[in-house]
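What follows is a single structure, written as structure tokens, with notes after it.
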Amino acid sequence: MTNQRASISRRSFLRSSTLAGGGMMISFSWLSELTLADKINVPGLPDQWNEINGYIKITPDNIIKILNPNPEFGQNVMTSLPMIVAEELDADWQQVVVEMGPHDSVKLGPQFTGGSNSTRMYWKPLREAGATARRMLMDAAAQTWNVPAEEVTTKEGNVYHEKSGRSGKYGDFASKASGLAIPKGVKLKDPNDFRIVRNSKKNVEGLKIVTGKPLFGLDYKHEGMLIAMIEHPPAIGMKLKTFDASQTLKMPGIKDVFTIKMFDEDFELGGFDTRTFNDLLVVVGNNTWEVMNARKKLVVQWEPAPERKEKTNNFGRKQDIIIPAGLESSESQYQKMQERAKEPATVLRKDGDPESAFKNAARIIERTYNGPFLAHNCMEPINFFAHVTNEKALLVGPLQAPGWTEPTLSKVLKLPPEKIEIQMTRMGGGFGRRAYGHYLVEAALISRYINAPIKLIYSREDDMTYGIYRPMYTATYRAALDANKNLIAFHVKGGGLPEHPIHANRFPAGSVDNYLAEGWEIPTNITIGAFRAPRSNFNAAAEQSFLDELAEEMGKDPIEFRLELLQRAKENPVGKNNEYDADRYAGVLKLVRDKSGWNKPENKKYNRGVAAYFCHNSYAAHVVDMVDRDEQPYVERVFSAIDCGIVVNPDAATNMVQGAVVDGIGNSLYGGLTHKDGVAQQNNFSRYRIIRFHEAPKKIEVHFVPNDIDPTGLGEPPFPPVFGAVSNALYKSTGKRFYSQPYANDMINKKAF
Amino acid sequence: MNHPSEKKLHYFLHLKVIVLIAVILTVVVLTTSAFKDSKTVMDIAVYKNAVTDSTESAEAFLQVYKVLMSPRCMNCHPAGDEPLQGDESKVHTMKVQRGKDGKGVYAAKCSNCHQPENTPGLHTPPGNPKWSLPPADMKMVFQGRTSHQLALQIMDYNRNGHKNKKQLLAHARDTLVKAAWNMGEGRKPPPLSYEAFLKAWDTWIQKGGYAPK
Amino acid sequence: MITLTINQKNYEVDVNPDMPLLWVLRDVIGLVGTKYGCGVAQCGACVVHLNGEAVRSCVTKVKRAQGGKITTIEGLSEKNDHPLQKAWIELDVPQCGYCQSGQLMSAAVLLRENPDPSDEDIDAAMAGNICRCGTYLRIRKAIHLAADMQRKVNRT
């Protein structure tokens, strides 16, 4: 897959109107020159952007309301996106109130949280929104004061005319501004003049969070709302045969038990219409606990689901996919993968003559790496509210991409999109899981069937065993060295269930003369989906462990070895389409080397591992410092270097990097979802180990490369290289290389499960 | 205000005392290791008429030992200060600590999760109103003990929670002990039935409380 | 009818005595600050105080709470000014925020019982609360900060 940049000509227009009681509402709408590299990280992103706009409302008493367009799942967009508007508006941040925007792709753009794209895709549009509004307020003041517009200045929500000594608040001119012609091509600030952006602002919802205010989908209440739960088949590969609900219906508070079908046979699935089960057995009742209890009384017969063909239309890419029948087990899946890996695969990229180079090599190093399915395990289990009638639908809850689910709802409910209102609540985590809106479709169909407002709730067990996991991957890396231990060829062959993880055009592609990347896939009925830095989260573990081992075999320092390769990629790149910028890649490695005191003798007491990776247009490197604690390797501290361009909200960005590091340590050591005859072997946190408080490092020092590059991704990029750094540090701790995740499975001293 | 140095000194003294006690106890144990005269630690009044039988007693203890070393009993009688968990007797997740009174510490007290009764469902916290570990000053460790060591320990008034023979017999009827057989979903019961355990326990004690070799 | 005292207010609820306190709080009384995360006492999102102890409301049957004193996140402080809440804001601890009410309720017991907790004390108190976003470092820092604040208040 190539990494094309989608570019569309810019066409902007802007509306303004007077607010009731005075003041200004200014709405910006445009097709913007957005670029989207790294499309493969959010499979099936639309090539064409919807209109994006931002909303600014200014009241006469100078309250500035900024709408946040994008769903919030902890990445801080509720705060950092409005900061961008406020910056160019030259607003007083203290006067700003933030509100979550409605789902309105015409007014607010793509509105998806995923692919580490929130800040990146909204950066320019939101700046323009702020700058244009500021210009209009200045023009309004100039006209009021009868002074030349060029002489008017602003500062923190005030307008000034220095010569005449006049000044006023934005609120004073808001109504007048709303009647002015809309200026075009307003100049944006020089990044050096930023005073809101690049300055840490506290989470605008912080107080609500620490005082337990209703914020999340699970907290949403609606008059007459019933609770619905779905009894899923106990195994992936099974389906509903018959059921007896007589006992369930006798339980207190139970309204109904019924079945619904999600999609018709010939339904064309959109890119994010993944669902594990199509025939749903539903219990509806008055409250959650009553429904949970009554559900246990169902007597259900399940039967094997046959092989099925799915018609898919992944944002224009039409494809029929065969979903195999059968009850799969991790062990047999693993064996299948090992066998398949020996067969020929699709060539994804080839530079030079790798076959000859391997034939003539003085030494070949070959290692195979494995990664299991991973469950997202968002803290807030899957849920959604729906109230669907024949005329309209209201849906409220946690969702990453309303624009991808709405067309599906429209088709299933046979309602036009304008009759479907989706409200987005704050999400209790997402990690990619909530890009798959099957649960909205389920909730909507349940509401329509029972003719009442309902909230669909997944128990933790439902959530963990439902599917839509990080795929199961494997990759074999080979390196050819000549007699002088120079790297002359590099080969990666990766595969997985049901997709391979290989990014063929990423480092070390471009730095080795003879290079070969291949991929293969095995179909499975275990459903998969995007999981924080899809594919990268496996590659960075495998590739970065391999490079570490390679450096050791070559007698080189692991950082210097990578820098040498990057130097080559910069000066004399091999092949075309290299996705990464060698300088920025080297930049994070150098920064982390310096900040961690990589070669300083005082750090010898640590078992240190390093890794770096590029994804979502950003660069991340970590040095992980391990010690032995209670006879177990423990990551005591981590140094991180990130290049994601301009950092909008530094402290929040630091928080997210620290979180990604903790998540990376946890998932690399403990993460894994296994199956036996289609049954998930982990169904709650009692069996699926999540990193806990005492297992997190004491210190994670985060350094951002200072530059004026427009912001690139941050939610995902710091995550993948943690895996590699942990594995490399484990080698230093134990003298043993780790090839299979989760790494704790291979540890000798396993204290806690 | 805390003075860390004083605190440390305090602990150090404690440690000294503990070591001293341990040495004394070891001496006591060694001198009674033949276990000819269990009367020294038992309430003779109750069983003065019982016929002791070293073979039968020791054999009964081997049955008892199987139960005590099963996860259902041993998990709360760990060698360290963190309880064990599950059929594999792994260290309890969440870094749960014994605490002074054996009931956990701070936000991690046993009864915060372990209810008066079992919580329904697979691998959910088993419950009992008394759910706890032995206290810090009387740890009654099972983990790692041989049958010989454990028998001596249980018979030792100073290491068994200050129980005399009558109290030991009663202890097997304690609801917390009995809770081992009400283990909740996803856990194996002890290898003997509760009745068989009681019988073996009583036999062991009544026939003289002998320690297997 | 079961009588409950929650955040110093009395409630009469007509529910099955076996219903977990969590669902009584959320679905019956409407106090939704206490979160459902796992339902089996594994994650700590549902921690409330029952007679001062950080019980997991998802496994605590409402009958156990009858006659007891319950405090939820909504009642942790009168003016949203518990040192922990202030420290949480000061250090901008939350990411998604879902687990944080449980984290705060656990930390509050720690701080009450130990006004000067060490890192080890914090580990022992907090290892039962999962944060999937990985804000553990900030939680640790915020607990230390809240302890400082609490000491300063007590000194004056």
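Naming convention: chains lettered A, B, ... in sequence-line order (proteins, then strands); numbering from 1 in each chain.
- No donor-acceptor distance shorter than 3.5 angstrom exists from the side chain of C:Y36 to the backbone of A:L218, with no hydrogens or angles considered.
- Salt-bridge annotation for C:R138 and A:D651: present, with a side-chain N of the basic residue lying under 4.0 Å from a carboxylate O of the acidic one.
- The pair A:D219-C:K35 counts as a salt bridge, with a side-chain nitrogen and a carboxylate oxygen less than 4.0 angstrom apart.
- Top candidate by heavy-atom pairs under 4.5 Å with chain A, chosen from C:S101, C:G128, C:C38, is C:C38.
- For A:F216, the part lying near chain C is the side chain, with the backbone staying farther off; criterion is any non-hydrogen pair under 4.5 Å.
- Of the atoms belonging to A:K202, heavy atoms from both backbone and side chain fall under 4.5 Å from chain C.
- Among C:G30, C:G33, C:C99, C:G97, the residue with the largest count of heavy-atom pairs under 4.5 Å with chain A is C:G97.
- Between chain A and the residues C:Q103, C:Q85, C:M19, C:M126, the largest count of heavy-atom pairs under 4.5 Å involves C:M19.
- Heavy atoms of C:I89 lying under 4.5 Å from chain A belong to its backbone as well as its side chain.
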**Item:** Audit row: A:E461, C:V40, side-chain contact (heavy atoms from CB on, under 4.5 Å) steps and yes/no
**Value:** CA-CA 10 Å; A:E461 290 81 3; C:V40 292; 4.2 Å; yes

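- For chain A, no part of C:V24 is nearby; none of its heavy atoms comes within less than 4.5 Å.
- Annotation: C:K69, atom NZ; neighbour count of heavy atoms from other residues, nucleotides and ligands within 6.0 Å does not exceed 12.
- Residue C:L91 touches chain A through its backbone alone, counting heavy-atom pairs closer than 4.5 Å.
- Only the side chain of A:N667 comes within contact range of chain C, judged by heavy atoms closer than 4.5 Å.
- Looking at A:Y458, the atoms closer than 4.5 Å to chain C (heavy atoms on both sides) all sit in the backbone: N, CA, C or O.
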**A:I209 and C:W88: CA distance, side-chain angles, deciding distance, side-chain contact (heavy atoms from CB on, under 4.5 Å) verdict** = CA-CA 10 Å; A:I209 291 168; C:W88 246 245; 6.0 Å; no

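- Per-residue heavy-atom pair counts under 4.5 Å with chain A were compared for C:E120, C:H82, C:E90, and the maximum is reached by C:E90.
- Looking at A:V662, the atoms closer than 4.5 Å to chain C (heavy atoms on both sides) all sit in the side chain, from C-beta outward.
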**Request:** Take C:D119 and A:K698 through the side-chain contact (heavy atoms from CB on, under 4.5 Å) test and state the conclusion after the steps.
**Result:** CA-CA 9 Å; C:D119 275 356; A:K698 288 278 163 59; 3.6 Å; yes

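- No side-chain donor-acceptor contact under 3.5 Å links C:R132 to the backbone of A:C378.
- Using a 4.5 Å cut-off between heavy atoms, A:S459 touches chain C through backbone and side chain atoms alike.
- Counting heavy-atom pairs closer than 4.5 Å to chain C, the top-ranked of the candidates A:N655, A:N287, A:D463 is A:N655.
- Contacts of C:L76 with chain A are absent, with no heavy-atom separation under 4.5 Å from either backbone or side chain.
- Heavy-atom distances place the backbone of A:K201, and not its side chain, under 4.5 Å from chain C.
- Side chain of A:N203 to backbone of C:D92: no donor-acceptor contact under 3.5 angstrom is found.
- A:R426 contributes a side-chain N or O that, together with a main-chain N or O of C:C96, makes up a donor-acceptor pair within less than 3.5 Å.
- The contact between C:E74 and chain A is made by backbone and side chain atoms together, counting heavy-atom distances below 4.5 Å.
- Within a 6.0 Å sphere centred on NZ of A:K208, other residues, nucleotides and ligands contribute 12 heavy atoms or fewer.
- Contact annotation for A:M427: only backbone heavy atoms (N, CA, C, O) come within less than 4.5 Å of a heavy atom of chain C.
- For a residue to count as touching a neighbouring chain, one of its non-hydrogen atoms must lie under 4.5 Å from one of that chain's; by this rule A:T79 does not touch chain C.
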**Residues C:I130, A:R692; criterion side-chain contact (heavy atoms from CB on, under 4.5 Å); working and verdict** = CA-CA 6 Å; C:I130 291 174; A:R692 289 183 181 274; 3.5 Å; yes

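- Only the side chain of A:M292 has a heavy atom closer than 4.5 Å to any heavy atom of chain C.
- The local environment of CD in C:E78 is sparse, with at most 12 non-hydrogen atoms from other residues, nucleotides or ligands closer than 6.0 Å.
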